[in-house]
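These figures come from a predicted structure and were not determined experimentally. For ligands, and for the atoms within them, numbers begin at 1 and follow the listed sequence. Along the sequence shown, the residues carry numbers beginning at 1.
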Amino acid sequence: MPRHIAIVMDGNGRWAKKRGLPRTAGHAVGAETFRKIAYACRDMGIEYLTVYAFSTENWKRSRDEVNTIMELLKKYLNELVDTLVEKGVHVKVLGDKSGLSPELQELIRKVEAISDTIDSPYHANICINYGGRDEIIKAAQKWAEDPERPPLTEESFSHYLYSDGIPDPDLVIRPSGEQRLSNFLLWQSAYSEFYFTDTLWPDFDENTLREAIKAYQRRDRRFGGAK
Ligand code: FPP
């Protein structure tokens with residue numbers, strides 16, 4: 001079983017367009033898919049799930065679309081404030097939070113504080129205003145400004161990334177037929193296995209997840225070594 005699965009939640013816009021709906025309707029269903037898949041991962045014993053919800057480049061989209069995604073994030077985070085303890089999943093936001101609205105920042109702070117009190121092996125990480133290159137640059141800045149900066153190694157540097165304390169993803173899934181990383185977990189996915197499917201994110205379900213895991217289980221991971 002993979003310990004950490006990371007997903008690019010792609011295809012919401014096309015899912016909506018196929019149905020003659022506005023793109024924002026696709027995001028609403030996509031958010032619901034996130035909820036289902038997060039609990040499916042927990043129930044399957046997958047300790048870490050990381051999803052790409054909003055990239056540093058997604059600000060280029062229309063104001064209406066950006067607002068809808070931000071409102072959905074608020075709605076789901078608000079819901080988590082009340083249900084997190086019962087659900088037994090730690091929630092963490094990865095990304096440049098300073099670029100988000102004060103209201104969203106406060107909500108994230110609340111959810112992360114509640115998460116800190118939970119004793120559970122399950123973690124859901126939501127990437128918001130996240131870019132892999134941005135993360136690496138910010139980590140380099142943090143290291144340079146740290147008066148106690150340690151000698152630079154892969155291990156010491158990784159503690160300055162948003163993902164500090166989170167194991168690297170074993171499996172990265174991208175639905176919707178696109179086969180690229182789009183600035184997602186650049187550092188962390190160095191040895192990840194990739195799985196691509198044509199299924200659009202709003203249609204992604206537990207069966208799609210099982211197919212991806214089966215494909216992962218057939219892979220031969222060598223981490224640069226040889227048999
Ligand atoms: C990519 O599909 C999806 C996004 C940029 C937004 C994802 C956001 C959500 C699912 C909502 C909030 C999330 C949570 C965790 C509650 P796309 O719009 O690029 O689709 P397209 O390629 O078909 O246009």
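Y160 does not carry K138 over the face of its six-membered ring by the limits of under 6.0 Å from the centre and within 45° of the normal. For the pair R19 and W15, the cation-pi criterion (under 6.0 Å, within 45° of the ring axis) is fulfilled.
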Problem set entry | Audit row: F157, I136, side-chain contact (heavy atoms from CB on, under 4.5 Å) steps and yes/no | CA-CA 9 Å; F157 185 70; I136 293 168; 4.2 Å; yes
Exercise. Going through the distances and angles, do E79 and K87 end up as a salt bridge (Lys or Arg N to Asp or Glu O under 4.0 Å)?
Worked result: CA-CA 11 Å; E79 187 186 298; K87 300 290 184 191; over 6 Å; no
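The heavy atom nearest to atom 7 (C) of ligand 1, considering only G30, C127, A124, A53, is found in A53. When V93, L77, N58, V51 are checked for heavy-atom proximity to atom 5 (C) of ligand 1, N58 turns out nearest.
Assignment of G11 to the shell around ligand 1 is supported, since a heavy atom sits closer than 4.0 Å. Not close to ligand 1: R35, with no non-hydrogen atom less than 4.0 angstrom away.
The distance criterion of under 3.5 Å between nitrogen or oxygen atoms is met by R23 with respect to ligand 1. Where the criterion is an N or O separation shorter than 3.5 Å, residue side chain and backbone included, G13 meets it with respect to ligand 1.
Atom CZ of R63 has 12 or fewer heavy atoms from other residues, nucleotides or ligands within 6.0 Å.
Contact annotation for R61 and ligand 1: only side-chain heavy atoms (C-beta onward) come within less than 4.0 Å of the ligand. Of the heavy atoms in I69, only side-chain atoms (C-beta onward) come closer than 4.0 Å to ligand 1. Contacts with ligand 1 closer than 4.0 Å are made by no heavy atom of L200, backbone or side chain. Contact annotation: for L73 versus ligand 1, heavy atoms closer than 4.0 Å belong to the side chain alone.
Note: E211 CD to I173 CD1 = 11.0 Å, rounded to the nearest 0.5 Å. Rounding to the nearest 0.5 Å gives a distance of 8.0 Å between CE of M70 and CG of N58.
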